[in-house]
Protein chains: 2
Amino acid sequence: MYVCSMKLNEAREKFIQQWGSLGSKWGINRTMAQIHALFLVTEDLLSAEDVMEMLKISRGNANMNIRTLIDWGLVYKEYQSGERKEFFRGEKDIWKVTQRVIRVRQRQELDPMLHVLAELQTIESDKNNKKEVEAFTKQIKDIKSFAELADGSLTKISASEENWFLKVFMKFMK
Amino acid sequence: MYVCSMKLNEAREKFIQQWGSLGSKWGINRTMAQIHALFLVTEDLLSAEDVMEMLKISRGNANMNIRTLIDWGLVYKEYQSGERKEFFRGEKDIWKVTQRVIRVRQRQELDPMLHVLAELQTIESDKNNKKEVEAFTKQIKDIKSFAELADGSLTKISASEENWFLKVFMKFMK
DNA sequence: CCGAACTTTCAATAATAATTGAAAGTTTAT
DNA sequence: ATAAACTTTCAATTATTATTGAAAGTTCGG
């Protein structure tokens with residue numbers, strides 16, 4: 001497709017592998033992370049076919065994971081004039097990428113946890129297990145408070161401008 | 001073992017399931033997360049046998065995962081006088097738990113990523129692909145800067161007192 | 001409306017990750 | 001030094017998760 005020095009292709013490949021590995025350690029489908037990595041380091045539009053070829057994966061796999069990346073807001077669908085098939089472009093801004101990943105995972109994982117913790121806060125007690133129920137309730141309360149703190153901060157982060165964040169953050173770090 | 005209202009046992013069970021599910025979505029072995037949850041909501045010391053019985057898992061599984069929890073600093077080994085076997089106690093402080101998880105995952109996942117990003121920063125260029133190499137290098141640089149920012153903040157967080165963190169954090173949130 | 005060009009779905013299959021349990025290893029009391 | 005009590009290991013098995021690819025679905029130009 002392109003004539004590049006081996007070094008650039010090697011580097012791309014290495015980045016894709018590493019991003020895939022990181023993703024899979026964090027519960028994200030390795031292939032989806034690899035496709036994401038490919039989009040992160042590719043300036044041009046890519047078709048599903050390009051992705052299939054470059055990562056040596058099947059049509060179904062490519063389609064499904066590109067779809068999820070679009071849902072997450074990490075990849076955009078674009079049309080090429082004169083072409084019938086779909087093309088895609090990756091979100092390049094790593095700050096936006098982070099915000100979008102935070103939003104999805106907050107919704108998919110933190111919210112259900114908060115919901116369950118709220119439920120667990122009010123449990124029956126009787127004379128036989130008063131102490132135990134108290135200890136349990138206290139512990140759940142602590143975990144819930146912490147989770148709410150995390151939830152609030154993630155919400156703030158995922159709605160803020162990078163510059164605002166960096167400024168406040170620098171104060172926090174010094 | 002204890003006489004409790006169904007509600008307490010149900011609640012414990014539900015918490016264990018939820019914590020296990022959260023863990024597995026974040027790339028932590030579901031059983032390890034469940035054992036951790038059990039320790040979080042259990043005041044008493046537990047033996048490996050207790051854990052096996054309560055979670056209905058094998059000896060090998062219990063042993064391996066308790067070992068990892070100890071490595072992570074989330075469970076402590078303790079001896080009961082007059083007993084030969086080992087007993088364990090969970091770290092209850094959710095702030096400490098967070099700090100220890102951050103440390104482990106930073107070391108296991110963020111550090112290797114930073115290492116690779118550093119490698120990828122210097123790649124060969126020639127007249128045919130100057131533009132592409134520049135774009136790639138710029139993108140890797142951005143990702144690396146961001147990862148370093150994250151790394152620094154996580155280091156700070158995992159070394160700080162909860163009170164310090166809360167205070168600074170409250171300012172950050174307002 | 002037709003058929004070519006493309007996308008989506010999903011049951012079957014493959015790859016990966018977790019679990020078991022019995023054997024080997026270790027520790028301790030006597 | 002021995003045996004009982006306990007812990008660890010790891011090859012075989014099971015469970016979970018991801019991938020394939022062909023068939024079904026969709027869209028579009030003429």
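All chains are named by letter (A, B, ...) in the order of the sequence lines, taking the proteins before the strands, and each is independently numbered beginning at 1.
By the neighbour-count criterion of 12 heavy atoms within 6.0 Å, atom CD of B:E161 is sparsely surrounded, having that number or fewer from other residues, nucleotides or ligands. More than 12 heavy atoms of other residues, nucleotides or ligands lie within 6.0 Å of NZ in B:K25, so this atom counts as buried by the packing criterion.
Remark: C1' of C:dT16 and CZ of A:R30 are 9 Å apart, rounded to the nearest angstrom. Atom pair A:W26:CH2 and C:dA17:P shows a separation of 17 Å (rounding to whole Å applied). In this structure, A:M52 places its CE atom 12 Å from C1' of C:dC6, rounding to the nearest Å.
Partners of A:D93 according to the side-chain hydrogen bond (donor to acceptor under 3.5 Å, both in side chains) rule, which considers only residues two or more places apart in sequence or in another chain, do not exist here.
Across all their heavy atoms, A:A62 and A:V51 have their closest contact at CB-CG1, 4.4 Å.
For the pair A:D50 (side chain) and A:S47 (backbone), a donor-acceptor distance under 3.5 Å is present. At least one donor-acceptor pair closer than 3.5 Å links the side chain of B:S153 to the backbone N or O of B:L149.
Sequence neighbours left out, the pairs with a member in residues 103-118 of chain A that pass salt bridge (charged side-chain N to carboxylate O under 4.0 Å, His left out) are A:R105-A:E109.
Of the residues in residues 75-83 of chain A, none lies under 4.0 Å from DNA chain D by heavy-atom distance. Contacts of residues 55-73 of chain B with DNA chain D (heavy atom under 4.0 Å): B:R59, B:G60, B:N63, B:R67.
Between B:W95 and B:S160, some side-chain heavy-atom pair lies under the 4.5 Å cut-off. Side chains of A:K85 and A:F87 form a contact here, defined as non-hydrogen atoms less than 4.5 Å apart. Counting heavy atoms from C-beta on, the side chains of B:R30 and B:Q34 come closer than 4.5 Å. Side-chain atoms of B:F39 and B:L74, non-hydrogen and from C-beta on, never get closer than 4.5 Å to each other.
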Mind listing the N/O atom pairs, protein and nucleotides 26-30 of chain C, below 3.5 Å?
| residue | atom | partner | partner atom | Å |
| --- | --- | --- | --- | --- |
| C:dT27 | O2 | B:R84 | NH2 | 2.4 |

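Between the CG atom of A:D126 and the CD atom of A:E132 there is a distance of 10.0 Å, given to the nearest 0.5 Å.
With a cutoff of under 4.0 Å to any heavy atom of chain A, the contacted region of DNA chain D is bounded 5' to 3' by D:dA18 to D:dC28.
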Requested in this report: Start with the C-alpha gap between A:R59 and A:E49, add the side-chain angles, then the distance that decides, and say whether salt bridge (charged side-chain N to carboxylate O under 4.0 Å, His left out) holds.
Outcome: CA-CA 7 Å; A:R59 185 170 298 282; A:E49 210 120 335; 3.2 Å; yes
